[in-house]
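The block underneath contains the structure these notes are about, expressed in structure tokens.
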Amino acid sequence: MISVLGDNKRTALVRKNIIFSFLIKGWSCLVMFLMVRLTLDYLGEYQNGVWLTISSMLVLIDNMDIGLGNGLRNTLATELAHGNIEKAREAVSTTFFMLIIVIVPVALILIGITQGIDVYRFNNVNPSLVPNLETIIVVAIIFICSTFVFKFIGNFYLGLQLPAANNLLVTCGQTLALAATFIFYLTTERSLLIVAIVNTASPLTVYLLAYPYTFYHKYKNLRPSYRFFNKDRLKGLFSIGVKFFILQIAGAVIFQTSNIIISKLFTPSAVTPYQISYRYFSLVLLAFSIICTPYWTATTDAYERHDFEWIKKSERRMRIIFLLMLVLISIMTAVSGIVYHVWIGNSTTIPLYLTIGMGVYFFVLILSLGYSYFLNGMELLRIQLITTTISAIIYIPCTYLGYYVSHNILSIIVVLILVNLPGLCMNIVQFRKVVNGTASGIFLKK
């Protein structure tokens, strides 16, 4: 017998996580603002642009978990909704050991590729300005691949409908990186290698400390154990996970390759103003994700219990949130000049057209993600797979075409907006059909 999780209890859990997440992410926002200014002052515009480009490549590595993290998130929520503790532990254990199996060969291949190519030419970097770039990239790969395994702890908490705990882990890693960077800022000469180590080793340190607390103190009955590794569970995890993996990779191509493209088409210095405007509006996306992330797993729970009325109510709340985000983006655009001056001083210049374009892009992204959270929770991924994959395929050719037409960074943002519009429209159409009971065919495909 499945215990019924009522509308009020589920909504209360969502609200509780939103409140705690805002408190945690409020600190995270401050850390991010300080980190951007501190890193820019420490490295200078050129080396900072190189680091931002490397960071984009690291994000691509971070998404190579074949969707196992998000697969665990949904599977864990489903098993716990049905009270299947042993199956939940099998899902946790299988995910953990599969991540190790996946990342070891990936790390070795990436290190081999780094040593086999001219990393300076690939990234359009001047060797006299950035020494030891190959070493920097290899060290960053080692740390990020290690983090790759243990960050599944965050997905574990998401599966428990505790996104605030995941946010706390991420924020602690960011805070540790800021503190370490500040110490080196005061005591050493500028070094891109130090920045790479600090930014990649800090999250790993936090996850390593969180592991024993989570699985030896708090949730012993769900601790990963090779005894609970069940290859039969892989099909279930992969059936969900591979789809999330494709979405992650396609999204990473769209969202993270911009830095690499800008560095190659312009210069590493041009990455800095682009990323500063991106980081500025990412605060809105951060606020939005804090509010909406709990709805993903809560939707999984509601969908399993056929509680469509709760999902409809949540969508009405979401529309109000969209309006608030639009107002916030408009205000941020209007005061951007003042904020940039206080934030980064005269270190670099961000044109107004870049800020406006980035604001429009983030609003389109927020609208699309809002409905994706609901559809992800219901595991209705087929249409998202199609639209996102097509967008990823055409994105890079379109950015190069835009560059040769305008020779302006704004063209990249325009392309970002255009390739995200079809996915936004289809997400809305599919959600409406599903909750109204009129969906059929591909609209119900997982």
Side-chain angles (χ1 to χ4, degrees), residues 31-32 35-36 38-40 42-44 46-65 99-100 102-127 129-152 154 169-170 172-185 188-208 248-249 252-253 255-264 268 271-272 275 278-279:
V31 170
M32 186 271 287
M35 193 65 166
V36 169
L38 182 61
T39 307
L40 181 57
Y42 181 55
L43 293 178
Y46 190 89
Q47 287 199 44
N48 184 66
V50 174
W51 168 240
L52 292 172
T53 303
I54 294 173
S55 299
S56 298
M57 292 186 282
L58 296 178
V59 170
L60 293 174
I61 299 171
D62 199 45
N63 285 324
M64 295 178 71
D65 70 345
L99 287 172
I100 297 174
V102 167
I103 201 58
V104 171
V106 168
L108 294 175
I109 291 170
L110 290 173
I111 291 172
I113 291 173
T114 300
Q115 295 178 332
I117 65 172
D118 185 346
V119 292
Y120 285 99
R121 184 175 181 182
F122 180 80
N123 292 287
N124 191 27
V125 174
N126 187 335
L129 297 177
V130 185
N132 304 317
L133 183 58
E134 181 182 304
T135 301
I136 292 168
I137 295 175
V138 169
V139 168
I141 288 173
I142 292 172
F143 279 116
I144 204 70
C145 287
S146 301
T147 305
F148 173 94
V149 176
F150 289 95
K151 72 182 180 70
F152 96 105
L169 293 173
V170 174
C172 286
Q174 294 170 337
T175 304
L176 180 59
L178 175 66
T181 303
F182 183 68
I183 292 171
F184 285 114
Y185 176 78
T188 66
E189 295 182 1
R190 65 174 60 181
S191 169
L192 183 54
L193 177 60
I194 288 176
V195 169
I197 293 173
V198 164
N199 280 272
T200 54
S202 295
L204 175 61
T205 302
V206 171
Y207 284 122
L208 289 175
Q248 284 175 314
I249 292 298
V253 169
F255 304 141
Q256 300 299 330
T257 57
S258 298
N259 291 344
I260 301 171
I261 293 171
I262 292 171
S263 180
K264 291 181 72 67
V271 177
T272 297
Q275 265 297 301
Y278 185 96
R279 296 283 181 91

Under 4.5 Å between any side-chain heavy atoms of Y185 and T39, yes or no? no

Do R190 and Q47 have side chains that get closer than 4.5 Å, going by heavy atoms? yes

Can you sort out the partners of [X] under side chain to side chain donor-acceptor pair (under 3.5 Å), two or more places apart, ordered by chain and number?
X    : result
T181 : none
Y42  : T188
N126 : S128

Is a side-chain N or O of [X] found less than 3.5 angstrom from the main chain of [Y], in a donor-acceptor match?
X    : Y    : answer
D118 : R121 : yes
Y207 : L169 : no
T147 : P203 : no

Correct closest heavy-atom pair for P131 and I136 would be O-CD1, 3.8 Å

How many angstroms lie between CZ in F122 and OG1 in T53, if you round to the nearest 0.5 Å? 10.0 Å

For the CD1 atom of I137 and the CD1 atom of I54, what is their distance to the nearest 0.5 Å? 5.0 Å

Flag if over 12 foreign heavy atoms under 6.0 Å of OH, Y46: yes

